[in-house]
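Computed over heavy atoms, backbone and side chain alike; hydrogens, waters and symmetry mates excluded.
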Amino acid sequence: KIDTNNITIHNKLERFDYLKLLSQSFCGISIPVSDSSPRSVYEAIFLGLPVIVTSNKYLASLPPDMMNRIIIADVSEKDWLLKANERASKILESKFTISEESINNFDQSFCFDRVLKVYNLLME
């Protein structure tokens, strides 16, 4: 059974407060109606958190180290959150090491640098 006394819903937070709170969290949950590439999921993973998500196309682009932190939940199941919570506990037993591939592909600064390089090559 999940202890709902330890669950808090927050409204929009300032960036620093958000990342601080996220770093102190047990897991992330991202169940949007649609999301092509959710930065909040990447940020949670980069902090080593397991993230509970619904099936989405962007998951196919994740490298193995990031995918190992993902828990795909079927929210139509009655006990989806309990099952996901149990999987998150197991995931947290393993140390997370981010790969260079993940940093290069999903870090916002690196992504911008890559786009800028391509743009500059196209403009030559």
- Residues which pass side-chain contact (heavy atoms from CB on, under 4.5 Å) with Ala88, listed by chain and number, not counting sequence neighbours: Phe26, Cys27, Pro50, Ile71

- Message: So, taking the atom named CG in Asn104 and the one named CD in Glu101, what distance separates them when rounded to the nearest 0.5 Å?
- Response: 8.5 Å

- Are the side chain of Asp65 and the backbone N or O of Ile98 linked by a donor-acceptor pair below 3.5 Å? no

- Note on the structure: One should read off an interatomic distance between Arg69 CZ and Ile91 CD1, to the nearest 0.5 angstrom, of 6.5 Å

- Task: May I ask you to test the Tyr58-Val53 pair for a side-chain heavy-atom distance under 4.5 Å?
- Result: yes

- Contacts satisfying salt bridge (charged side-chain N to carboxylate O under 4.0 Å, His left out) that involve residues 76-88 (not counting sequence neighbours) are Glu77-Lys83, Asp79-Lys83

- Query: If you look at every heavy atom in Ile52 and Ala84, which pair is closest and at what distance?
  - Reply: CD1-CB, 3.5 Å

- For Met67 against Ile72, the heavy-atom pair lying closest together: CE-CD1, 4.0 Å

- Query: What heavy-atom pair brings Leu13 and His10 nearest, and what distance separates the two atoms?
  - Reply: CD1-CB, 4.2 Å

- CG of Asn105 to OH of Tyr42, rounded to nearest 0.5 Å, is 9.5 Å

- Common cluster, Val41/Leu47, ILVMFWY with side-chain heavy-atom separation under 4.5 Å: no

- Item | Spacing of CD1 belonging to Ile31 relative to OG belonging to Ser55, to within rounding of 0.5 Å | 12.0 Å

- Here the pair of heavy atoms bringing Trp80 nearest to Asp74 is CB-O, 3.3 Å

- Item | From Arg39 atom CZ to Ser30 atom OG, the distance as rounded to the nearest 0.5 Å | 13.0 Å

- Taking everything shown except Glu100 itself, do over 12 heavy atoms lie less than 6.0 Å from its CD? no

- Message: Going by the rule side-chain contact (heavy atoms from CB on, under 4.5 Å), which residues pair with Leu49 if we only count those two or more places apart in sequence or in a different chain?
- Response: Leu22, Ser25, Ala44

- Going hydrophobic residue to hydrophobic residue with side-chain gaps under 4.5 angstrom, can you get from Leu81 over to Leu92? no

- Are Val51 and Leu21 joined in one hydrophobic group, where the rule is that I, L, V, M, F, W and Y side chains link up if heavy atoms are under 4.5 Å apart? no

- Message: Restricting to non-hydrogen atoms, name the atom on Ile45 and the atom on Phe96 that form the minimum distance, rounded to 0.1 Å.
- Response: O-CE2, 3.1 Å

- Query: What is the distance from atom CG of Asn68 to atom OG of Ser99, rounded to the nearest 0.5 Å?
  - Reply: 10.5 Å

- Item | Test side chain to side chain contact (heavy atoms under 4.5 Å, CB included) applied to Tyr18 and Lys12, step by step | CA-CA 8 Å; Tyr18 163 71; Lys12 185 170 174 62; over 6 Å; no

